[in-house]
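If you read the sequence from its start, that first residue is 1, and numbering goes on from there. Atoms within each ligand, like the ligands themselves, are counted from 1 in listed order.
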Amino acid sequence: MKETILVTGGTGFIGSHTSVALLDAGYEVIVVDNLSNSDAGVIQRIEQICSRGPRFIEGDVRDSDLLTSIFSEFAVVAVVHFAGLKAVGESVQKPLEYYQNNVGGSLKLFKVMQTAGVKTIVFSSSATVYGDPAQLPITESFPLSATNPYGATKLVIENILADLYRADEEWRIARLRYFNPVGAHESALIGENPKGVPDNLMPYISQTAAGIRKELSVFGDDYKTPDGTGIRDYIHVVDLASGHVAALDYLQRNDQMLTVNLGTGNGVSVLEMINTFESTNSCKVPYRIAKRRAGDIARCWADTSLANRLLEWEATRTLEDMCRDTWRWQNS
Ligand code: NAD
Ligand code: UD1
């Protein structure tokens, strides 16, 4: 039996898939989540997939007493920290909530970890920290910038972790910069369940194909890209989840701070995504060309060679897998 990992935000989209990957790798998992953007039913679904489940504690990472009690009751060896708010537009409207939850929650968590002597952490960062990249593909050494409060919280937390490592090299830290996570577990038992109207492309496509939304707006067809629409590096959430297990394995072998991109290295345009979704799933995605969305960049994809080399990890699932699994989840 392997050690116990605390997963904050473990009932959310990426956290639930990572909990499955950790259980499959033999770890014990404790999930703490305040259910602000997820639902406790996910825990039974994880149990169905893995034949054993995580222990679930409903609560907030800003509650230091709760975190302290978890570290004193269980022999946690590492934390995978997903808990946070993630909607870019909302972060512009409610910056204080974003700083309080994302930065405030992380500070509380890191302090309790330090006091408990648990100094291994995997943190969910984002490709948003690269702002509008001057070149492609994006390597980890590119300049960093934030164009909205959400992105700013990711940068602040990355910096806090770097300072923590500088002050005490016993910390083992992985800062994982995700590109665009999509898809769902192939069982269709867990997936992404956005509340209200989705902001992101993939859930909007699948809800449009299902008839929940009338049509998809393609935000701009006048970018400097082959078909004029925005290009992103979409990664299957199950591949992303296995990247976390690889990062934990790496940290167990090396006392280091690690910063890596998790993506596929391939750029896919909005129109390519719509076409692949339609052909893979034999369905229709009605769409119209709309104005560019404020704040969007034209092109973004990862150089994944560092993750490939250090973590001995690479994304293996195809764009068709992403479309098929999203559709299966939508229909379930
Ligand atoms: P999600 O909203 O599905 O999951 C986050 C979970 O954290 C939710 O279950 C929510 O209830 C919980 N949570 C929020 N604040 C909390 C708090 N204070 N205490 C306890 N639980 C709390 O989001 P996700 O897509 O799974 O993203 C997970 C992490 O990855 C986030 O930190 C996000 O910023 C980061 N990330 C996501 C993406 C993406 O496209 N999904 C891209 C880059 C980075
Ligand atoms: C957005 C966030 C980013 C976050 C990421 C994952 C912004 C500016 N950036 O990235 O910080 O890490 O989500 O949560 O919000 N598109 C459409 N129609 C739609 C929706 C999207 O054409 O209805 C296009 C977009 O213009 C873009 C692509 O699809 O070209 C992907 O968009 P989206 O899924 O929102 O992700 P990002 O903008 O890359």
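- A side chain to side chain contact (heavy atoms under 4.5 Å, CB included) with I57 holds for exactly one of V31, D33, L66; it is L66.
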- Please step through side-chain contact (heavy atoms from CB on, under 4.5 Å) for the pair V80 and L6, ending with a clear verdict. CA-CA 6 Å; V80 185; L6 176 66; over 6 Å; no
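- Counting heavy atoms from C-beta on, the side chains of V7 and H81 never come closer than 4.5 Å.
- With R328 contributing its side chain and A188 its backbone, the two residues share no donor-acceptor pair below 3.5 Å.
- Within 6.0 Å of the CD atom in Q44, the count of heavy atoms belonging to other residues, nucleotides or ligands exceeds 12.
- Within 4.0 Å of ligand 1, protein heavy atoms belong to G9, T11, G12, F13, I14, D33, N34, L35, S36, N37, S38, G59, D60, V61, R62, F82, A83, G84, K86, N101, S124, S125, S126, Y150, K154, Y178, P181, listed by chain and number.
- For ligand 2, the 4.0 Å heavy-atom shell contains residues V88, S126, T128, Y150, N180, D199, N200, L201, L216, S217, V218, F219, G230, R232, Y234, V270, R293, D296.
- Residue pairs meeting the ring pair (Phe, Tyr, Trp, His ring centres under 6.0 Å) criterion with at least one partner in residues 228-249, sequence neighbours excluded, are F82-H244, Y178-H244.
- R292 CZ: more than 12 foreign heavy atoms inside a 6.0 Å radius.
- The neighbour count for Y287 OH, taken as heavy atoms of other residues, nucleotides or ligands under 6.0 Å away, does not exceed 12.
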Can I get a per-line list of side-chain donor-acceptor pairs under 3.5 Å for residues 208-216, giving both atom names and the distance, sequence neighbours left out?
residue : atom : partner : partner atom : Å
T208    : OG1  : Y204    : O            : 2.7
R213    : NE   : Q207    : OE1          : 2.9
R213    : NH2  : Q207    : OE1          : 3.1
E215    : OE2  : R288    : NE           : 3.0

